[in-house]
Amino acid sequence: MNESLTSPGLGGAREPSIGALISQTRNLSAEQVEQVLAYQRQHGLRFGDAAVQLGFASTDDVLFALAQQFQYPVAPSAGPALSPELVSLSQPFGPQAEAFRAARSQLLMRLQQEGRERRALAVVSPEPGDGKSFFCANLAVALAQLGGRTLLIDADMRGPRQHELFRLETEGEGGREGLADVLSGRAGQGVIRQVAGVPSLFVLPVGTPPPNPLELVERPAFGLLLRDLLGRFDHVLIDTPASTLGSDSLVIAARAGAAVVLARRHQSRMAALQDLVGGFSHSPAEILGVIINEH
């Protein structure tokens, strides 16, 4: 008698079991499934453990199937190519992803305070190469994995990277349009892109790199845009340019209302970090903390 590869869901509905999900991911043949089921019964194992021992699946495949059952977005090892920097998706159970979940918890406790107006979170750092885009992308994934609608805005109009990390170069109705096109009044529809495989995650890329990035974020339109987006999304995260390249990050953080400072271990200069933090002395933005990037 064959074991069913479905399990009862809520309200008596049937949902794919771990075995069915592994079979789909690894495209197992009917004969291979029978071998796994026989090995499972013989040794009293779970389907996933039996498949791993027979060499038909990897431990990552089992974790991916488990994540699917719990509706926790991750990237399958056999799925489409992703940037290796998106560790929260490609290595969701590794130490780096766990570090992003810890940062997520700490930041949410500081950001979502009862009685306070909702705020966006700007990620700022002193110099290029500190890892802001890496941090923003993975924190955005971690926020989306909670289930709330999360928007990552790439406001680094001096060196944008989010469109590369999330493979958004030509996808979407808006083509290559983005934030800069919106603020300059030249954007059409579809500039906010949903990330494939992560239903709760959306990205607003830079779009056409402008010659006047500081002037664009200083316009009232940027503040109005953020206010509108905060009404549509549960979390709004903003990638910013390095502070040594201009005042963009301070202006963006002031519009956002909250900021987290990122420094890179053994690389960030103390003087540049002090200048950045000092720039917030007269800013309406609240610094929620300082994070050291060891990546």
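Checked by atom type and distance alone, the side chain of Q145 pairs as donor or acceptor with a backbone atom of S88 at under 3.5 Å. A donor-acceptor pair is defined here as one N or O able to donate and one able to accept, closer than 3.5 Å; such a pair exists between the side chain of Q194 and the backbone of P199. A side-chain donor-acceptor contact under 3.5 Å links R110 to the backbone of L288. With hydrogens and angles disregarded, no donor-acceptor distance shorter than 3.5 Å links the side chain of R149 to the backbone of L201. Judged by distance alone, the side chain of D181 and the main-chain N or O of G178 form a donor-acceptor pair under 3.5 Å.
Note that R255 lies outside the cation-pi zone of F222, set by a 6.0 Å cut-off to the ring centre and a 45° limit from the axis. Taking the ring centre of F166 as origin, the terminal cationic atom of R193 falls outside the region bounded by 6.0 Å and 45° from the ring axis.
Criterion: ILVMFWY side-chain heavy atoms under 4.5 Å apart, direct or through other members. Under it, I287 and L121 are not part of a common hydrophobic cluster. Under a hydrophobic-cluster definition in which Ile, Leu, Val, Met, Phe, Trp and Tyr are linked whenever side-chain heavy atoms come within less than 4.5 Å, directly or via other members, L179 and F233 are assigned to the same cluster. Hydrophobic clustering (ILVMFWY, side-chain heavy atoms < 4.5 Å, transitive): V124 and L151 are in distinct clusters. V195 and L143 end up in the same hydrophobic cluster when Ile, Leu, Val, Met, Phe, Trp and Tyr side chains are linked at under 4.5 Å. Both V260 and V141 are assigned to one and the same hydrophobic cluster, defined by single-linkage of ILVMFWY side chains at heavy-atom distances under 4.5 Å.
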Point to revise | Test log, rule salt bridge (charged side-chain N to carboxylate O under 4.0 Å, His left out), inputs R119 and E286 | key: CA-CA 10 Å; R119 298 171 291 174; E286 176 187 4; 2.7 Å; yes
Review point. Can L273 and V261 be said to form a side chain to side chain contact (heavy atoms under 4.5 Å, CB included), step by step?
Key: CA-CA 9 Å; L273 188 59; V261 177; 3.6 Å; yes
Review point. Going through the distances and angles, do Q162 and C136 end up as a side chain to side chain contact (heavy atoms under 4.5 Å, CB included)?
Key: CA-CA 9 Å; Q162 299 301 339; C136 279; 3.8 Å; yes
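For F134 and F100, the distance between ring centers is under 6.0 angstrom.
With I291 as the fixed residue, the side-chain contact (heavy atoms from CB on, under 4.5 Å) test singles out one of L262, V123, L139: L262.
Between K132 and D239 there is no salt bridge, since no side-chain nitrogen of the basic residue lies less than 4.0 Å from a carboxylate oxygen of the acidic one. Electrostatic pairing of R104 and E98 does not count as a salt bridge here, judged by no charged N lying under 4.0 Å from a carboxylate O. E127 has no carboxylate O lying under 4.0 Å from a charged side-chain N of R264, or vice versa, which leaves the two without a salt bridge. One finds a salt bridge joining E85 and R161 here, because a Lys/Arg side-chain nitrogen approaches an Asp/Glu carboxylate oxygen to under 4.0 Å.
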Solution key, residues 242-253 side-chain donor-acceptor pairs under 3.5 Å, sequence neighbours excluded:
unit_1: S243; atom_1: OG; unit_2: P126; atom_2: O; d: 3.3
unit_1: T244; atom_1: OG1; unit_2: P126; atom_2: O; d: 3.0
unit_1: D248; atom_1: OD1; unit_2: R158; atom_2: NE; d: 3.2
unit_1: D248; atom_1: OD1; unit_2: R158; atom_2: NH2; d: 2.8
unit_1: D248; atom_1: OD2; unit_2: R158; atom_2: NE; d: 3.0
unit_1: D248; atom_1: OD2; unit_2: R158; atom_2: NH2; d: 3.4

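Heavy atoms from other residues, nucleotides or ligands lying under 6.0 Å from CD of Q113 number more than 12. In this structure, R232 places its CZ atom where only 12 or fewer heavy-atom neighbours from other residues, nucleotides or ligands lie under 6.0 Å away. Counting non-hydrogen atoms of other residues, nucleotides and ligands closer than 6.0 Å to CE of M109 gives a total above 12. Atom CZ of R227 is surrounded by 12 or fewer heavy atoms from other residues, nucleotides or ligands within 6.0 Å.
Residues D156 and T240 bring no donor and acceptor atom of their side chains to less than 3.5 Å of each other.
Residue pairs meeting the ring-ring contact (aromatic ring centres under 6.0 Å, His included) criterion with at least one member in residues 248-289: none, sequence neighbours excluded.
H235 contributes atom NE2, which lies 8.0 Å from atom CZ of R118 (distance to the nearest 0.5 angstrom). Between atom CG of residue L152 and atom CD1 of residue I238 there is a gap of 9.5 Å, rounded to the nearest 0.5 Å. Taking CG from D234 and OG1 from T150, the interatomic distance works out to 7.0 Å, rounded to the nearest 0.5 Å.
A137 approaches L86 most closely through the heavy-atom pair CB-CD2, 3.6 Å.
The closest side-chain heavy-atom distance from P160 to H163 is below 4.5 Å.
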